[in-house]
There are 2 protein chains.
Amino acid sequence: MQPSSRVTIRDVAARAGVSVATVSKVINQRYGVAAETNARVLAVIEELGYEASLVAQSLRNHRTNVIGILVADLEPFSTELLKGAADAIRGTGFELVVYSAGGRTSDHVGWERRYLSRLSGTLIDGAVLVTPTVTNVQYDAPIVAVDPHTGPSDLLTIDSDNLKGGRLATEHLLGLGHRRIGMLTGRSDLQSAQLREQGYRQALQAAGVTVDESLVAVGAYDPEIAVDAARELLSGPDRPTAVFAANDISAIATIEAATQLGLRVPEDVSVVGFDNVPESALCVPPLTTVDQPIRRMGQRAVELLVALIRGEQPDSFHVTLETSLVVRQSARAFPSP
Amino acid sequence: MQPSSRVTIRDVAARAGVSVATVSKVINQRYGVAAETNARVLAVIEELGYEASLVAQSLRNHRTNVIGILVADLEPFSTELLKGAADAIRGTGFELVVYSAGGRTSDHVGWERRYLSRLSGTLIDGAVLVTPTVTNVQYDAPIVAVDPHTGPSDLLTIDSDNLKGGRLATEHLLGLGHRRIGMLTGRSDLQSAQLREQGYRQALQAAGVTVDESLVAVGAYDPEIAVDAARELLSGPDRPTAVFAANDISAIATIEAATQLGLRVPEDVSVVGFDNVPESALCVPPLTTVDQPIRRMGQRAVELLVALIRGEQPDSFHVTLETSLVVRQSARAFPSP
DNA sequence: TTGAAAGCGCTAACAG
DNA sequence: CTGTTAGCGCTTTCAA
């Protein structure tokens, strides 16, 4: 990158024959600039194609009008959330920047603390944290957490009714006649994962089915971990006839594992997922899953954050949206008719 | 936001009883710091939870190791691309930041020039431009364009075989017996839109069908514009029996418009889309569409950009990936059997 | 081995 | 109305 090729405020000032302060005033529409000077500076700005450096500006001003969305990775869930966030940002006057920690969060717990430290106060006025790995990120800037970490926290949070969702999925399988129902659990540090598992256990218990712990394996919301765990789960002689996976990614991985083992879905194993990301409809067979309104969660998170930044009192500290069952074709009656 | 609550290098220096310069050296692992001092500073950094401000750093250093992805909006196409970009970024040592112009690009042509000006040189080392609205963004930082603007350009570009895709879609419809085939075109400033339309025209011509210009309407890749255009197109007494929409979003909008008009898809109108975003499988009926490998495009774009930033010669200046037809259920034989 | 000072691009007081 | 100056948080000479 050649030095000096970027147009700075000094270039504009020099070309217009004024000081940088004057140019700054023109840019920020401050009072005290002669109409003629104003016009001349504006012309030079146009001519040179000058735009103020966001970085330099935010180092001075503490308000930047950009909000950050910090995600562990860019995968179906987080990108779906981004669509909702984008919907909500329009017309607010804020801009959106997304930071991705680049997956593999396992080897870097606390990435959001790091990112927040690096960005907040400068660059962003507030942040939405998606599936954070820690509970307490105390910062001066407003923060909203989506699908938060377990444990008590003073953060504002958005989530969906994971407990009910877990129950719904399991009850569906029970209703189809399954009794040996396995579960691929999620990222144990997230509330959502714990609640989905709890819903699973509650539903089984309510139906008088004892949980066989050998049928519960960790999928960690991760496709690779899930595919291994699912293979293991489905390999035994006494394998489950149905599997509830804690998210769609794991459910898809389960179908993959089943296929590798020569098992057909849903004829030999039924699979139910969680999330209802668009990919769940693409998979073969189309996935029966629990819908959580991901886009709406992204929207609410941004709305809440913007209100906070504007100094308004939030009307609620924890928002929980509804979940519901979406029946497609990956689960069917047992024993097979 | 309370002032002074952010931990800065000065806080660390004060607490460790050294100068900021020394702290900086410790952070950057420069030579010339006593082992003992080093340890003490490190301890304070840990204690205070200090992280260097990305903004301040990048104002000084011209290298930041972050690359930017500039998108017009966060919708199915761009988010799909992001997934590929995220795949490619792992292990490169670069971080990813996504900037969204917040849709409604129509009222702001040249958003990417503005963003680039605001970010490049500071904050990002290079950028991927997704569906840019202008052709010449000359910058000191490396740039790769995905689905580029029309007209000659010196940018490195990634796209897919849009001409062939347009032909494939139209030939499929012709093969089903359709002759009155309408088209909902895309954003006319993008090469992809022009080529898809050209493919449509070529296929019709090759089949000896004259293009009825009243059957060609502008959808602009935009759901709202598309739904209106589709309604118009399908309202006439002499309506088309099939519509090729320039992207899946428009195709889904077409199905919506048809439904509003009391027309069934595919019984009364066949619809074919373009992109094969996950949403295309979710729609009712599942969309027959042209697949372009969006994730792979995102991957290639990032790979190319990283190579460029590292000063390597790119092996190619324009990468065009394959397109293929995906038959689902939104198009069927005409006349209906 | 350490620190003082300059400066990245910008804005805000304050003088002129 | 305009320019000078200081400083945001950081890194990098250069002296001490």
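Each chain gets a letter, A, B and so on, in the order its sequence line appears, and its residues count up from 1. The figures here come from the full heavy-atom set of this structure, side chains too, leaving out hydrogens, waters and symmetry mates.
B/Thr320 and B/Asp159 share a side-chain donor-acceptor pair at under 3.5 Å. For the residue pair A/Asp147 and A/Thr131, no side-chain donor N or O sits within less than 3.5 Å of a side-chain acceptor on the partner.
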Exercise. Where along nucleotides 9-16 of chain D does protein come under 4.0 Å, by heavy atom, of base (B) or sugar-phosphate alone (S), with - for untouched nucleotides?
Worked result: BBBB----
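The closest side-chain heavy-atom distance from B/Leu70 to B/Trp111 is below 4.5 Å.
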Exercise. What do the steps show when you test A/Arg295 against B/Glu75 for salt bridge (Lys or Arg N to Asp or Glu O under 4.0 Å), and what is the final call?
Worked result: CA-CA 11 Å; A/Arg295 292 182 69 140; B/Glu75 28 68 40; over 6 Å; no
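Contact footprint of chain B on DNA chain C: nucleotides with an atom under 4.0 Å from a non-hydrogen protein atom, first to last in 5' to 3' order, C/dT1 to C/dG9.
With salt bridges taken as basic N to acidic carboxylate O contacts below 4.0 Å, one links A/Arg90 and B/Asp73.
More than 12 non-hydrogen atoms from other residues, nucleotides or ligands lie less than 6.0 angstrom from CD of A/Glu312.
Among residue pairs with one or both ends in residues 45-54 of chain A, those qualifying as side chain to side chain donor-acceptor pair (under 3.5 Å) are A/Arg15-A/Glu47, A/Ser53-B/Thr122; sequence neighbours excluded.
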